[in-house]
Amino acid sequence: MKCLVTGGAGFIGSHLTDALLARGDEVTVIDDLSTGTRENLASALAGGAELIEGDVLDREFIEDAVAGAEPGVIFHLAAQGEVRRSIEQPAFDASVNVVGTINLLEAARVTGVGRFMLASSGGAIYGEGSRLDLPAVESSSLEPLCPYGLSKLAGEQYLLLYRRMYGLSSVALRFANVYGPRQRPKGEAGAVAIFGELLLEGRQPTVFGDGTQTRDFVYIDDVITAVLAATDSGMEGPVNIGSGVETSLLELLEGLSAAGPGDNSFDPVYDPPVEGEVKRISIDPARAESELGWQVTVGLEDGLRRTLAAL
Ligand SMILES: NC(=O)c1ccc[n+]([C@@H]2O[C@H](COP(=O)([O-])OP(=O)(O)OC[C@H]3O[C@@H](n4cnc5c(N)ncnc54)[C@H](O)[C@@H]3O)[C@@H](O)[C@H]2O)c1
């Protein structure tokens, strides 16, 4: 099958591109290389993937690229992905994440693409988990605390609208905190990459807040299995892709320390909490389990060891 992956030079997109090629698909990647790199795609490019450099905000470019690639499926992962940047530059966040998504949906409609997958966020779309019965389910109330969470929610709503208006089949995967090799040690999403790099350099981590804030960590290989299963299925609407387990940042640091090479004392330095970041979150994978037969296969201990080994 022919596939188009936007954001394919990034962390998750490059792993997805590798997996699509491995099962025999033809892959075109669209990426502006703003946070992604050619290096992430080195083996994919050698294996036949095509990279077209460009911006999802350039509507004509996107329409031409989609028409040229004639994909059966669009995997839309290109995004502004940082909570802090979304607070500092909310209009930029909305333009990339909302208008960019609309450009891809329009191109899908015009070209007659059969299926559309959006990378959404289980970590930001529900808002503060303390007010919910965690783990959050897809039908939990959605009250994002930052523009990034809202722009992902708007993207999901556009998918639903395009199904109602044009019958475009789509699925939105609400990823928990994804981690693994190739993740950039930047931005709050990359906690494992940031802390892992500091650990290996023998430096101390900075924790924003008291470290008891919780996140739901899910390993990249499990995420890619979920993306393929959800897109191959006829599933419509949002689906959580996470472990359902809350792990505090302090527990994460302990886990990294234990998975690391030496008896590094990995004690954090504390800074004030960051606006827009939730105190607690975990997301329930029950829908993915029952409808896709998907479940987490790489636990945190194993995943941290694999990630550190790749750093
Ligand atoms: N990593 C996580 O934990 C996580 C969690 C929830 C959702 N997501 C979502 O998954 C997707 C991939 O995230 P990631 O962690 O791989 O991030 P990433 O930054 O590694 O990948 C994003 C890719 O999109 C590209 N890009 C950004 N703006 C673009 C634009 N205007 N035009 C074309 N390309 C553009 C970047 O160059 C990069 O290659 C994003 O949509 C993100 O919001 C990630």
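In listed order, ligands and their atoms are each counted from 1. Values reported hereafter were calculated over all heavy atoms of this structure, with side chains retained and with hydrogens, waters and symmetry mates removed.
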- Message: When you compare the side chain of Phe175 with that of Ile12, does any pair of heavy atoms fall below 4.5 Å?
- Response: yes
- Message: Is any side-chain heavy atom of Thr6 closer than 4.5 Å to one of Asp31?
- Response: no
- Query: Hey, does Pro90 have a side-chain heavy atom less than 4.5 Å from the side chain of Phe92?
  - Reply: no
- Query: Which atoms of ligand 1 sit under 4.0 Å from any heavy atom of Gly54?
  - Reply: 32 (N), 33 (C)
- Message: Between ligand 1 and Ile30, is the shortest N or O to N or O distance under 3.5 Å?
- Response: no
- Query: Backbone or side chain, does any N or O of Leu57 fall under 3.5 Å from an N or O of ligand 1?
  - Reply: no
- Query: If you measure from each non-hydrogen atom of Arg174 to ligand 1, which part falls under 4.0 Å: side chain, backbone, both or neither?
  - Reply: neither
- Query: Hey, which atoms in ligand 1 end up nearer than 4.0 Å to a heavy atom of Ala79?
  - Reply: 24 (O), 27 (C), 28 (N), 40 (C), 41 (O), 43 (O)
- Query: Taking the minimum heavy-atom distance to atom 38 (C) of ligand 1, which of Thr37, Ile125, Thr35, Val218 ranks first?
  - Reply: Thr35
- Heavy-atom distances under 4.0 Å are what count here, so tell me which part of Tyr179 touches ligand 1: side chain, backbone, both or neither. neither
- Using a strict 4.0 Å cut-off to heavy atoms of Asn177, name the atoms of ligand 1 that fall inside it. 3 (O)
- Task: May I ask you to say whether Arg174 pairs ionically with Asp284, meaning some side-chain N is under 4.0 Å from a carboxylate O?
- Result: no
- Task: Give a yes/no verdict on a cation-pi contact between Arg182 and Phe11, requiring under 6.0 Å between NZ or CZ and the six-membered ring centre and an angle within 45° of the axis.
- Result: no
- Query: Residues two or more places apart in sequence or in another chain: which of them pass salt bridge (charged side-chain N to carboxylate O under 4.0 Å, His left out) with Glu26?
  - Reply: none
- Query: Between the main-chain N or O of Arg280 and the side-chain N or O of Glu128, is there a donor-acceptor pair closer than 3.5 Å?
  - Reply: yes
- Note on the structure: In ligand 1, the atoms that come under 4.0 Å of a heavy atom of Gly10 are 20 (O), 21 (O), 38 (C), 39 (O)
- Query: Under 4.0 Å between a Lys/Arg side-chain N and an Asp/Glu carboxylate O for Asp232 and Arg115?
  - Reply: no
- Short version for Asp32: what comes under 4.0 Å of ligand 1, heavy atoms counted, is both
- Task: State the atoms of ligand 1, each with its element, that fall below the 4.0 Å cut-off from a heavy-atom position in Gly36.
- Result: 36 (C), 37 (O), 38 (C), 39 (O)
- Query: Does ligand 1 have any atom sitting under 4.0 Å from a heavy atom of Gly190?
  - Reply: no
- Flag Ser121 as yes when one of its N or O atoms lies below 3.5 Å from any N or O atom of ligand 1, and as no otherwise. no
- Pick from Val178, Asn40, Leu33: the one approaching atom 3 (O) of ligand 1 most closely through a non-hydrogen atom: Val178
- Report the member of Gly123, Ser120, Ala119, Gly155 with the shortest heavy-atom distance to atom 7 (C) of ligand 1. Ser120
- Query: Distance-only, no hydrogens or angles: does the Glu277 side chain make a donor-acceptor pair with backbone N or O of Val274 under 3.5 Å?
  - Reply: no
- Message: Taking the side chain as everything from C-beta on, heavy atoms only, tell me whether Glu156 gets closer than 4.5 Å to Lys152.
- Response: no
- Item | Element-labelled atoms of ligand 1 that are located less than 4.0 Å from some non-hydrogen atom of Leu77 | 11 (C), 12 (C), 40 (C), 41 (O)
- Message: Could you work out, for atom 27 (C) of ligand 1, the closest of Ala78, Ser34, Ser14, Ala9 by heavy-atom distance?
- Response: Ser34
- Note on the structure: Near Asp55 (heavy-atom distance under 4.0 Å), the atoms of ligand 1 are 30 (C), 31 (N), 32 (N)
- Do NZ/NE/NH1/NH2 and the carboxylate oxygens of Glu106 and Arg109 come within less than 4.0 Å? yes
